[in-house]
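Numbers here are sequence positions counted from 1. Basis for what follows: all heavy atoms, side chains included, without hydrogens, waters or symmetry-related copies.
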Amino acid sequence: MLVSNNNLLNILLPNDNKVLKEALKDADSKTLQDMVKNKSTSVNDILKNLFNDIKNGTKSNSNIENILKNPNLFKDLGSFSKSLVTVLNQLDSQSNLQKFKPALESFFKDIKNLDEKTLKEQLGKSGVFLESKIANANIKEGNIPKNIEKLLNQIQNIIKNIDTPAAKQINELINKIVEDKSSQTNTNNNKSTENMKSLVSLLQNVSKNLENPETKNLSNLTNQLKSMASQGSLVESKLENSNIKQNTNPQINTAKEQINTQTKELLTQIKNEVITNKDSSPAKNILNQIDNLLKSNDLFTKNEKLIEPKNLLNNLLNSNEIKQASTQSQNISNLVLNLKNISESISNLESKTQNFVNITNGKNTVTTQLKENLANLKSELQNLTKIDSKSSLQIISKLENIQNIFTKIEAPITTQSQNMPNTNLSNNFSNNFANNLNTLILSLKENITNLSTTASSPNSGNNASIQNQIMNIVDKIETSVKEAIQTYTNNQGLNPQANKNEANPLSNDMKTVLLQMQEELANKTDVKSQEMFKQVDKMLMQIDYHQLLSLTSNSNYVYVPFFWDMLEDGSIEMKKTDEDKFYCQINLNLKDYGKVDLMLSLYDTNKLDLTIHAQREHFKLDLSKNIQKLKQALNNVDLIPINIKILDLKEEEEKTLEEKKVQTYTNPYDNNSGTNVDIRV
């Protein structure tokens, strides 16, 4: 959702009610609840004034979010789909409101017919994103959207360091785009779109020319290996979740054999490429890893002798010995906390390596910190007399000798025999194939970045940095161009006549339709029209409510945009983090099963963690019985269910509330000042 300071946004803002405004200034959710109960104000007025509070900065996002999440204050918003059914039933075939029926019916989709395309379509026209579409429509007025303008400025700053004809051509093209946008003609708008596409192509060519030829082939092979690891993980998950025994499932076993063969062929190519670049210091280490993998008969078999240092460190920190020692010594407790932070630093370095960022200095620093903290922990453990720390000291000794935090090492015998208990309902998935390749992939990518920055050319390091910046901007431009192309087709804004144009994304937006209906119903005095007016107003309140929640929680927050007879009410909240992780929370209130909250986390492209908080015991029992079917269904859409947990909703409520107190999400787009409102989801 994107809301900008536009005259069209007056639909969001109430008349200036000074008494209510003053009353709301310091009101908390309990006070507001009492005001609604005593009918001194309405939920609708509260929502509109909260929009004003955001615009004027009189309340913080966290304060407004706390008010919005008060279950009693907004409990009567009801089900959007039920209100929609009521309105459709009330439409008279002779009424002038009949013209809205096709648009309303197009939104009336049964959840039984849910698929990816339908979900995307329903979310897009739910009304929650209307202001975003209005703001994007400003393109036709000759204004460059802020996100594209910012990207163009970034490009010009980057290419000024590149003295090539292509760089000059890019600079000229950017100037031309800006000039075209100063004109308000549709012809120039279309030219700008084509120029933007040309710009992306030019940037990609410049980026390729900056690439170090010594590492180009190795980089391509490494990416292929990463893709192969992902395919192997999916096959492993399907094998585990299949009701057919592994040795009697020919289809999956054939896929497994093919991936085994293809991976070994790829490893041989990588080995030859590394030998060609044998001047690099890590080459011997990489060759050893490749040889060990090539010797393996089955890459899907776990290597019990080898373990990554980070995993070995986490095993140490989660061991009962360390937990007991932490309770007896504050020094040990502090060191354990330091080591947990170091483990997080290793994860961050892994992420940077995946994106071809040079981490040599960072890796050396983390390795030094790790060894220093391990030495201190070792000393503290040796001073404890009441705890047998033999296993922990053995792990520490192994970790103290590591030279590369990304190279698998032979784990101590004591840890090889330890089986970490798994309390989840689902989870024996070990992902052996990807684990066996992951260390090699990290080593290869680190080797590539080192080669890029230590090549003979004096500017090679700078080139690698510039290349990385250009490719990031290319991704952003492509996204912005797709949005802009769609927006260029909008020629009529919120004009009701735009309903005739199906290509106009504003015409079939639910909020657009409801606002038009509200306007026509406002002056009607008959009972039927007034009842319909109440239902329309109720649906608009739901949309406003979810828009406010989206803004204050810095996420996408929308009601369930489907008709589902079992559903009392429900909402969906989606969020993406900087680490390319996606989170989705689905809150449902079902007729027969009570409240059900689902927490989903998607990472590494297709790995999924799912936690289900359920209120009714018989629902949890039904879920447990069908957990295998759920895993298979996820596999069928190429998702790998890593963790699936079913928990008691009542037991989790206190924890969830406590977690929400410390989760304050900042809006990364909050760059405006004054009275501007800029809401993006």
**Request:** Begin from the C-alpha positions of V637 and E116 and carry the test side-chain contact (heavy atoms from CB on, under 4.5 Å) through to its verdict.
**Result:** CA-CA 10 Å; V637 290; E116 180 184 358; over 6 Å; no

For residues 560-571, tabulate all N or O donor-acceptor pairs below 3.5 Å that involve a side-chain atom, not counting sequence neighbours.
from: E568; atom 1: OE1; to: K82; atom 2: NZ; distance (Å): 3.3
from: S571; atom 1: OG; to: Y557; atom 2: OH; distance (Å): 3.4

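- Interatomic distance, L600 CG to L602 CG, rounded to the nearest 0.5 Å: 9.0 Å.
- The salt bridge (charged side-chain N to carboxylate O under 4.0 Å, His left out) pairs that include a residue from residues 605-621 are D604-K607, E617-K620, K620-D648, where partners are two or more places apart or lie in different chains.
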**Request:** Would you sort out whether E121 and K125 count as a salt bridge (Lys or Arg N to Asp or Glu O under 4.0 Å), showing the intermediate values?
**Result:** CA-CA 6 Å; E121 177 185 300; K125 62 182 185 180; 3.5 Å; yes

Check residues 534-541 and write down every donor-acceptor pair under 3.5 Å in which the side-chain atom is one partner and the other belongs to a residue at least two apart or another chain.
from: Q535; atom 1: OE1; to: S83; atom 2: OG; distance (Å): 3.3
from: D537; atom 1: OD1; to: N44; atom 2: ND2; distance (Å): 3.4
from: D537; atom 1: OD1; to: Q518; atom 2: NE2; distance (Å): 3.3

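- When all heavy atoms are compared, the tightest approach of N241 to Q632 is O-NE2, 2.8 Å.
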**Item:** I64 and L551: CA distance, side-chain angles, deciding distance, side-chain contact (heavy atoms from CB on, under 4.5 Å) verdict
**Value:** CA-CA 10 Å; I64 294 174; L551 170 62; over 6 Å; no

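- A distance-only check finds a donor-acceptor pair linking the side chain of K575 to the backbone of S553 [under 3.5 Å].
- Distance CD/Q542 to CG/L47: 10.5 Å, rounded to 0.5 Å.
- Side-chain atoms of S555 and E573 include a donor-acceptor pair closer than 3.5 Å.
- The main-chain N or O of A103 is found under 3.5 Å from a side-chain atom of S106 such that the two form a donor-acceptor pair.
- Judged by distance alone, with hydrogens and angles left aside, the side-chain atoms of D526 form no donor-acceptor pair with the main-chain N or O of Q530 at under 3.5 Å.
- For the atom pair CG (L50) and CD1 (I67), the distance works out to 5.5 Å, reported to the nearest 0.5 Å.
- A distance of 10.5 Å separates OG1 of T605 from CG of L639, quoted to the nearest 0.5 Å.
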**Message:** side-chain contact (heavy atoms from CB on, under 4.5 Å) for L630 and L623? Distances and angles first, verdict last.
**Reply:** CA-CA 9 Å; L630 175 59; L623 277 175; 5.5 Å; no

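- Side-chain N or O atoms of Y583 include none that pairs as donor or acceptor with a backbone N or O of M599 at under 3.5 Å.
- Using a distance-only test at 3.5 Å, with no hydrogens or angles considered, a donor-acceptor pair links the side chain of D115 to the main chain of T118.
- Taken from NE2 in H546 to CG in L68, the straight-line distance is 10.0 Å, to the nearest 0.5 Å.
- Listed for the Q585 side chain is no donor-acceptor partner under 3.5 Å among the backbone atoms of D597.
- Between the CG atom in D509 and the CZ atom in F107 there is a gap of 8.5 Å [rounded to 0.5 Å].
- Side chain to side chain, K511 and Q547 meet the donor-acceptor criterion of an N or O pair below 3.5 Å.
- In the displayed structure, K112 atom NZ is contacted under 6.0 Å by at most 12 heavy atoms of other residues, nucleotides or ligands.
- For S233 (side chain) and A229 (main-chain N/O), a donor-acceptor pair under 3.5 Å exists by modelled atom type.
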